[in-house]
Enquirer: 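Structure below; questions to follow.
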Amino acid sequence: MIGLQTSAEHTQASPATNATQWRTGFPFNKIIYVGDVSGVDSFALRYAQKLAHEHQAELVVVHSLDPVVYALPGTALGNPAAEAELTAMDRDPHLHGANHNSFVQREQVCAEILAEARRYSASLVILGTLGRTAAGSVALATVARLLMADAPCAILTVPTPAEPSALPRYLWEKVVAATDFSPAGIAALDLAQRIARRTLVALHSTQCGKEQQCQHCMARLRLLAPFNESHTLPVEHLVSSGDLTAALASLAEKMHPDLLVLGAPAIGIESGHLNDSTVYHVIAESRCPVLLVPTGAQGCGQTIDKSTYAWMEKVRCVDDQVP
């Protein structure tokens, strides 16, 4: 099997950037980038370098096989362009700087990624791919969901644009955070308030379909994500009904966010059941990076008042029925 190769970079930020970091409390001081770094221009690698530079974080580059290769062995994607890209990447060893004549087990690669994250005490793992078609997004979604239950930190998936694209001037200006009010969902919303630069949309998708009559979920959102006066962050609160993936897709068409933030499931999943995972579908269908935040993630719990947590524990709303 191909081993992982690592290198470290220390970045410097401008005084203005340092001021922004202080206001937002950027929590990721040790970032690990995992992806193919064989010399081909990588959007995700440039993204990781810019993120580390903006916040004066340490970046560790881990050289692995592209997830399109090891995450989708023998997969029928039903998309001609994705099928062609998958076949080409699997057959061209020079594209990855490795020999793919031998089968690389997905579970072994995932285990090595987790080992590297623990070895470097990472606060964020960034997964990238060279795949520009649907294959790339599916591969990122597969690996991220399989890693999530055992990940020691947050995971960020960075898809490659279909066409060559320049990085934005500033990352994470418009952020959407979806929460289901679970511990991980609250952690995701909390973290989103600290990293969003310009605008934050807090979204909750109900299953009862009565969001217009019941204001309970909206009240919870406003308590958990109030207007942040520490760095004047405008927050919009939205409660929708139905499938979360559809709600995020509809919002993305209108807002064009720079980042989606979700709570990470604490329960593992087998590859054969990925279609049952909301996180998997959100990443696979998203055109922008997705940040998965586990319960108890580093840096969470600093923007939400303790009394709010106590209220959340006492008051719950299930299908429009408030106790």
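Since the structure is predicted, the reported quantities are computational estimates derived from the model, not experimental observations.
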Enquirer: Which heavy atom of P159 sits nearest a heavy atom of S286, and at what distance?
Expert: CG-O, 4.3 Å
Enquirer: Identify the two heavy atoms, one from P226 and one from Q193, that lie closest to each other, and give their separation to 0.1 Å.
Expert: CD-OE1, 3.7 Å
Enquirer: Would you please test L191 and L291 for side chain to side chain contact (heavy atoms under 4.5 Å, CB included) and show each step?
Expert: CA-CA 10 Å; L191 186 60; L291 179 63; 4.0 Å; yes
Enquirer: Is there a side-chain contact between E116 and E112 in this structure, where contact means two heavy atoms from C-beta onward sitting under 4.5 Å apart?
Expert: no
Enquirer: My understanding is that only residues two or more places apart in sequence, or in another chain, count here; which of them pass side-chain contact (heavy atoms from CB on, under 4.5 Å) with T245?
Expert: D243, T278, H281, V282, E285
Enquirer: Given side chains that start at C-beta, do those of L127 and P67 come closer than 4.5 Å, heavy atoms only?
Expert: no
Enquirer: Give, for atom CG of D66 and atom OG1 of T129, the distance between the pair rounded to the nearest 0.5 Å.
Expert: 3.5 Å
Enquirer: Distance check, rounded to the nearest 0.5 Å: K50 atom NZ versus L171 atom CG?
Expert: 5.5 Å
Enquirer: Quick one, H204 and T206 - any side-chain contact, counting heavy atoms below 4.5 Å?
Expert: yes
Enquirer: Taking side-chain contact (heavy atoms from CB on, under 4.5 Å) as the definition, give me every residue that meets it alongside A44, ordered by chain and number, with sequence neighbours left out.
Expert: Y33, S42, V158
Enquirer: Test of understanding: with side chain to side chain donor-acceptor pair (under 3.5 Å), list the residues that count as partners of T160, not counting sequence neighbours.
Expert: none
Enquirer: Apply the side-chain contact (heavy atoms from CB on, under 4.5 Å) test between I283 and each candidate in V290, L260, I155; give the one that qualifies.
Expert: V290
Enquirer: Please, which pairs that meet salt bridge (Lys or Arg N to Asp or Glu O under 4.0 Å) have at least one residue in residues 152-181, sequence neighbours excluded?
Expert: E173-R198
Enquirer: Under a 4.5 Å cut-off applied to non-hydrogen side-chain atoms, are L221 and V235 in contact?
Expert: no
Enquirer: Shortest non-hydrogen contact from L156 to P289?
Expert: CD1-CB, 3.8 Å
Enquirer: Of all heavy-atom pairs between A264 and A184, which one has the smallest distance, and what is that distance?
Expert: O-CB, 3.5 Å
Enquirer: Can you find a pair of side-chain heavy atoms, one from I113 and one from V62, that are under 4.5 Å apart?
Expert: no
Enquirer: Identify the two heavy atoms, one from P257 and one from V176, that lie closest to each other, and give their separation to 0.1 Å.
Expert: CB-CG2, 3.8 Å
Enquirer: Suppose we screen for salt bridge (Lys or Arg N to Asp or Glu O under 4.0 Å). Which residues come up paired with R287, at least two apart in sequence or across chains?
Expert: none
Enquirer: Would you mind reporting whether F26 and L51 have side-chain heavy atoms less than 4.5 Å apart?
Expert: yes
Enquirer: Testing the basics here: between V68 and G131, what is the closest heavy-atom pair and its distance to 0.1 Å?
Expert: CG2-CA, 4.3 Å
Enquirer: Taking the ring centre of each residue, are F28 and H55 less than 6.0 Å apart?
Expert: no
Enquirer: Quick one: does Y170's side chain get under 4.5 Å of D258's, heavy atoms only?
Expert: no
Enquirer: Report, one line per pair, each donor and acceptor closer than 3.5 Å where one atom sits in a side chain of residues 141-149; sequence neighbours left out.
Expert:
| unit_1 | atom_1 | unit_2 | atom_2 | d |
| --- | --- | --- | --- | --- |
| T142 | OG1 | V138 | O | 2.8 |
| R145 | NE | S277 | OG | 3.2 |
| R145 | NH1 | I267 | O | 3.3 |
| R145 | NH2 | I267 | O | 2.9 |

Enquirer: So, using side-chain contact (heavy atoms from CB on, under 4.5 Å) as the criterion, who are the partners of A81 when residues are at least two apart?
Expert: N79, T133
Enquirer: Starting at CZ of R220, measure out to OG1 of T179 and round the result to the nearest 0.5 Å.
Expert: 8.5 Å
Enquirer: Are any non-hydrogen side-chain atoms of P265 and V279 less than 4.5 angstrom apart?
Expert: yes
Enquirer: Could you measure the distance from the CG atom of L189 to the CG atom of L262? Nearest 0.5 Å is fine.
Expert: 11.5 Å
Enquirer: Distance from L233 atom CG to R197 atom CZ, nearest 0.5 Å?
Expert: 12.0 Å
Enquirer: Can you tell me how far CD1 of I32 sits from CZ of R119, rounded to the nearest 0.5 angstrom?
Expert: 9.0 Å
Enquirer: By side-chain contact (heavy atoms from CB on, under 4.5 Å), which residues pair with P161, not counting sequence neighbours?
Expert: F43, S165
